[in-house]
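Values below: every heavy atom of this structure, side chains too, minus hydrogens, waters and symmetry copies. Since the structure is predicted, the reported quantities are computational estimates derived from the model, not experimental observations.
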Amino acid sequence: MLSVKNLVAKYGHIEALNDVSIDLKEGQIISIIGANGAGKTTLLSSISAMKKPESGSVIFMGEDITGMKPNKIVKKGIAHVPEGRHIFAGMTVRENLLVGGYTSTKQEIKDTMEEMNELFPILKGRESQMGGTLSGGEQQMLAIARGMMAKPKLLLLDEPSLGLAPLIVEQVFQIIQNIRDQGVSIVFVEQNAKKALEICDKAYVIENGRISMSGTGAELLASEAVTAAYLGKV
Ligand code: ATP
């Protein structure tokens with residue numbers, strides 16, 4: 001469904017991605033793990049066209065989408081939920097969700113809003129609450145729900161559990177699996193490597209802009225190198 005081929009991305013002279021290739025089959029959860037500054041965010045941004053790669057290609061559903069405009073990428077079925085949530089503090093929950101559904105018709109928006117209430121029970125009954133007054137976990141749910149309003153086939157999530165209390169982290173990971181169960185494929189970047197590896201179908205480790213390892217979540221959980229670098233001593 002998604003094939004990233006030999007991607008190279010730079011910021012000035014800094015090479016953020018060097019010959020990165022990843023593959024995702026429909027219905028899979030792929031997790032990307034790596035240290036700070038390894039290039040994880042740049043990889044997601046290159047897929048959603050927020051960052052223009054120097055070379056390499058992004059193939060989605062058989063089509064080369066490299067260099068397409070970000071809004072066209074959304075219409076193709078890719079939604080990107082960036083790190084830090086970026087919800088609109090001065091807008092209500094409903095208004096925030098409407099922003100995510102900007103490519104949809106009125107009827108689609110109505111139906112999708114109802115689906116979001118099912119998928120994100122934490123947001124139920126909060127339609128008119130201001131985004132800025134939600135808790136960190138609720139804001140993260142809203143950010144993911146806003147991404148889902150575009151009815152994506154592929155959801156890109158950057159650090160969805162960052163800064164959240166353990167109980168909310170559990171809920172976010174459950175939501176990610178529920179979204180996958182609805183047929184939406186997911187690529188997500190996580191600092192919480194253990195949890196990420198437990199729920200993903202396949203994972204890639206990025207080090208200094210290069211993929212250093214890949215495998216099923218179980219394979220990487222069993223790897224001594226991954227344990228030492230990302231999981232701490234157990
Ligand atoms: P983190 O987990 O800290 O968010 P990351 O793995 O997502 O890190 P990136 O944000 O993709 O890493 O950064 C990869 C490299 O590119 C880093 O060296 C970073 O400093 C650099 N970089 C990222 N964004 C920019 C930018 N806008 N301008 C210049 N350099 C950048």
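Heavy atoms of other residues, nucleotides or ligands lying less than 6.0 angstrom from CG of Asn208 number 12 at most.
Annotation: side chain of Ile59 is not in contact with side chain of Leu2 (no heavy-atom distance under 4.5 Å). Here the side chains of Arg94 and Leu97 are not in contact, with every heavy-atom distance at 4.5 Å or above. For the pair Leu119 and Gln182, the minimum side-chain heavy-atom distance is below 4.5 Å. Within the 4.5 Å cutoff, side-chain heavy atoms of Leu44 are placed close to those of Val189. Taking 4.5 Å as the limit, every side-chain heavy atom of Phe188 sits out of range of all side-chain heavy atoms of Ile30.
Checked against salt bridge (charged side-chain N to carboxylate O under 4.0 Å, His left out), Lys76 has the following partners two or more places apart in sequence or in another chain: Glu63. By the side chain to side chain contact (heavy atoms under 4.5 Å, CB included) test, Ile73 is found to be paired with Ala49, Ile65, Met68, Ile78, residues two or more places apart in sequence or in another chain being considered. For the side chain to side chain contact (heavy atoms under 4.5 Å, CB included) test, residues two or more places apart in sequence or in another chain that qualify with Glu138 are Ile122, Arg126, Leu134, Ser135. Partners of Thr112 by side-chain hydrogen bond (donor to acceptor under 3.5 Å, both in side chains), not counting sequence neighbours: none found. Listed by chain and number, the residues in a salt bridge (charged side-chain N to carboxylate O under 4.0 Å, His left out) with Lys202 amount to none (sequence neighbours excluded). Residues passing the side chain to side chain contact (heavy atoms under 4.5 Å, CB included) test with Thr105 are Gln107, Glu108, sequence neighbours excluded. For Ser223, the side chain to side chain contact (heavy atoms under 4.5 Å, CB included) partners are Met213, Ala225, Val226, not counting sequence neighbours.
If you chain together hydrophobic residues whose side chains sit under 4.5 Å apart, Leu43 and Phe60 fall into the same group. Hydrophobic clustering (side-chain heavy atoms under 4.5 Å, transitive across Ile, Leu, Val, Met, Phe, Trp, Tyr) keeps Val187 apart from Val81.
Met91 forms part of a hydrophobic cluster together with Phe88, Val99, judged by ILVMFWY side-chain heavy-atom separations under 4.5 Å.
Screening residues 159-178 for side-chain hydrogen bond (donor to acceptor under 3.5 Å, both in side chains) gives Glu159-Gln191, Ser161-Glu190, Glu170-Lys195, Gln174-Asn178 as the qualifying pairs, with residues at least two apart or on separate chains. Within the structure, side-chain hydrogen bond (donor to acceptor under 3.5 Å, both in side chains) contacts touching residues 20-35 (residues at least two apart or in different chains) are Ser3-Asp23. For residues 211-220, the pairs satisfying side-chain hydrogen bond (donor to acceptor under 3.5 Å, both in side chains) are Glu207-Ser212, with sequence neighbours left out.
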Enumerate donor-acceptor pairs with a distance under 3.5 Å from any side-chain N or O in residues 162-169 to protein atoms, sequence neighbours excluded.
none

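Under 3.5 Å, the side chains of Glu15 and Asn18 contain a donor-acceptor pair of N or O atoms.
Between Lys40 and Asp158, none of the side-chain N atoms (NZ, or NE/NH1/NH2) sits under 4.0 Å from a carboxylate O, so this pair counts as no salt bridge.
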